[in-house]
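Heads up, the thing below is written out as structure tokens.
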Amino acid sequence: MKYIDEFREGRLARQIAANIMIEADSRRHYHFMEFCGGHTHAISRFGIVDLLPGNVHMIHGPGCPVCILPIGRVETAIQLTQIPKVILCSYGDLLRIPVRNGMSLIKAKAQGADVRMVYSCIDALKIAQDNPQHQVVFFAIGFETTTPPTAVAIQQARMLGLNNFSVFCNHVLTPSAISHILQSPEVREFGLVQLDGFVGPAHVSVVIGSRPYEYFAEEFQKSVVIAGFEPLDVMQAILMLIRQVNSGRAEVENEFTRAVMPDGNLKAQSLVAEVFELRRNFEWRGLGWVPYSALKIKSTYGDFDAERRFPIAECSIDDNKACECGAILRGVKQPRDCKIFGTVCTPENPIGSCMVSSEGACAAYYRYGRFRANNPMTAENSCQQSI
Amino acid sequence: MCLAVPARIEQLIGDNHAIVNLGGIRKEVSLALVENVVVDDYVIVHVGFALQKLDQEEAEQTLALFAEISKMDDL
Ligand code: SF4
């Protein structure tokens, strides 16, 4: 068992696709949102949409951490790099997010700012140890999966007595974003976005468990099936959602039992609770200001909070007018609805954040879906691709 | 950046770290977020941390589920 190839097998993919065909009721439509960018990526890369009947619709959700980061926060990060002796460490995807006037962290770096790409927050910690004369700031982003590692880094910095390491915290919370979508006028009042259920996040759920979703099932009567990131996981989850809808159930089910427990990873949760607390309000690209949807560093760890250490003002910048990322992140539009998709805006020259990260809907469409209309993939070849 | 991957633990090294094998590439990861990990366990690796141990029995059950054939009379 290697936990990868087994979950990509073409024969089983056709089997699940056949089950979906049999069980999806042709007299109705099904609308499911995959919250997570990882699922958006898998759906595009393995051509899963091609294996679904026309009445099963997948809507992309806002679960790509790079895509939902508002431009103002990137601008703040760029301003941090202008402070003398600051080294800004960041995950690679963030470097290319365009801010305004064509500026980005990578351009700031080209102009002399000390911006370093790291794979892990622990790398940022090492850079701080190696550069005692500099202030090292880690640009922390991500959902519940990247938050526990940041908590570990902050605790280690304290243990090591590092006074030149701090974190610019942009960690956000999945359940608040799902609530916000369910309460949005597009879903509630206008019916612009129809939602029968969610494909629940894979690795976020590894950390928070399956229980936090019970609220959505009960309160909003939506089905939730937590799914792994491999193509067969996603397809099986879609089949399980169809079964729930057919039998009028709205429950939380777990397809990813090999990694997700009902309570999640308690060790990770307690570390997060030790270091972080809720932020009263946080701006999301596409969703606007969402109350209690993000975390900040507790005052007991305030020495490691870049927002306390450096005089930085909060700033809010509007998206490029042509960019539809906001509507795409709310599930109202598709990448192809954007007039500059694939022409002006490409992965090489991204105008909006959805084209920057490979988990962004626009980047996934561009890479895997652009020519699909004239080159349909079959179950076999679409599910046997590998990295 | 959320694309975390399953990897096999090859070697436990000091300081709560381990070497994992990621499709042929050896990489050091932190075990600060997991407990009772031993060599040959598979873990989900994300931004340099093992996030969770994978459960082989559950994985086999899920694979068996994929192979089930819909019976129309169950509907
Ligand atoms: S194609 Fe580019 S500009 Fe258009 S919505 Fe996507 S990211 Fe924004």
Side-chain angles (χ1 to χ4, degrees), chain A residues 1-4 6-7 9 12-13 15-16 18-19 22-23 36-38 41 63-66 91-94 119-123 141-143 145-146 148-149 152 156 201-204 206-207 228-229 232-233 235-236 239 246 255-261 265 267-268 271 357-359 387, chain B residues 1-10 13 15-37 40-75:
Chain A
M1 175 81 62
K2 296 228 161 39
Y3 300 96
I4 299 178
E6 299 92 336
F7 294 85
E9 219 224 332
L12 285 176
Q15 173 63 51
I16 305 172
N19 288 349
I22 293 170
E23 297 192 31
C36 214
H41 182 90
C64 155
V66 176
Y91 293 129
D93 276 350
L94 291 171
Y119 166 68
S120 166
C121 49
I122 298 299
D123 301 341
I141 70 152
F143 289 89
T145 42
T146 43
V152 172
Q156 286 190 1
H203 298 139
V204 163
V206 165
V207 176
F229 275 150
L232 299 188
D233 291 318
M235 292 187 65
Q236 181 70 20
L239 177 62
N246 285 351
E255 183 277 337
F256 199 30
T257 48
R258 61 188 185 277
V260 173
M261 319 284 155
N265 181 334
K267 193 174 180 190
L271 271 162
S357 162
S358 63
E359 291 143 60
I387 306 171
Chain B
M1 59 166 277
C2 268
L3 301 179
V5 271
R8 188 172 64 85
I9 303 274
E10 277 200 341
I13 50 178
D15 212 11
N16 215 5
H17 277 64
I19 303 285
V20 295
N21 188 326
L22 275 169
I25 301 162
R26 298 179 86 229
K27 209 168 170 50
E28 186 178 330
V29 298
S30 164
L31 301 178
L33 301 174
V34 285
E35 265 158 327
N36 308 324
V37 169
D40 282 343
D41 276 347
Y42 273 80
V43 290
I44 295 176
V45 172
H46 185 54
V47 296
F49 285 75
L51 267 193
Q52 180 73 273
K53 215 156 70 167
L54 286 158
D55 184 320
Q56 186 170 344
E57 243 168 66
E58 290 289 347
E60 278 159 8
Q61 281 177 20
T62 305
L63 287 171
L65 209 65
F66 295 160
E68 271 175 19
I69 295 172
S70 282
K71 293 190 207 78
M72 284 307 276
D73 44 86
D74 284 355
L75 299 179

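Just so we're on the same page: letters track the sequence lines, and every chain starts at 1. Predicted, not measured: the structure shown is a model, and the values here were computed from it.
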Which atom pair, heavy atoms only, marks the closest approach of B:Leu51 to A:Val206? O-CG1, 4.0 Å
Name the region of A:Glu255, side chain, backbone, both or neither, that has any atom closer than 4.5 Å to a heavy atom of chain B. both
For B:Leu33 and A:Leu271, which heavy atoms make the closest approach, and how far apart are they? CD2-CD1, 3.5 Å
Taking every non-hydrogen atom, the tightest pair across B:Thr62 and A:Phe7: CG2-CE2, 4.3 Å
Could you tell me which portion of A:Val207 (side chain, backbone, both or neither) has an atom closer than 4.5 angstrom to a non-hydrogen atom of chain B? side chain
Applying a strict 4.5 Å limit to non-hydrogen atoms, the region of A:Val152 in contact with chain B is side chain
Could you state the interatomic distance from CD1 (B:Ile69) to CD1 (A:Ile22), rounded to the nearest 0.5 Å? 8.5 Å
Just so I know, are the side chains of B:Phe49 and A:Ile122 near enough to count as touching, which here means a heavy-atom distance under 4.5 Å? yes
Side chain, backbone, both or neither: which part of A:Asp123 has a non-hydrogen atom closer than 4.5 Å to chain B? neither
For B:Glu60, is it the side chain, the backbone, both, or neither that has a heavy atom closer than 4.5 Å to a heavy atom of chain A? both
Nearest heavy-atom approach of B:Ala59 to A:Tyr3 is CB-CE2, 3.6 Å
If we only count heavy atoms from C-beta on, is the A:Phe256 to B:Glu58 side-chain gap below 4.5 Å? no
Taken to the nearest 0.5 Å, the spacing of B:Glu68 CD from A:Ile16 CD1 works out to 10.5 Å
For the interface with chain B, which of A:Met261, A:Gln156, A:Glu6, A:Lys2 has the highest count of heavy-atom pairs at distances below 4.5 Å? A:Lys2
Residues B:Leu31 and A:Lys267: closest non-hydrogen pair is O-NZ, 4.2 Å
Top contributor to chain B contacts, counting heavy-atom pairs under 4.5 Å, from A:Ala259, A:Ala18, A:Ala202, A:Pro149: A:Pro149
Is any side-chain heavy atom of B:His46 closer than 4.5 Å to a side-chain heavy atom of A:His203? no
Quick one: does any side-chain atom of A:Asn265 pair with a main-chain N or O of B:Gln52 as donor and acceptor, under 3.5 Å? no
Side chains of A:Arg258 and B:Tyr42: closer than 4.5 Å at any heavy-atom pair? no
Step-by-step side chain to side chain contact (heavy atoms under 4.5 Å, CB included) determination, B:Leu65 to A:Gln236: CA-CA 8 Å; B:Leu65 209 65; A:Gln236 181 70 20; 3.8 Å; yes
B:Val47 versus A:Cys121: any side-chain heavy-atom pair under 4.5 Å? no
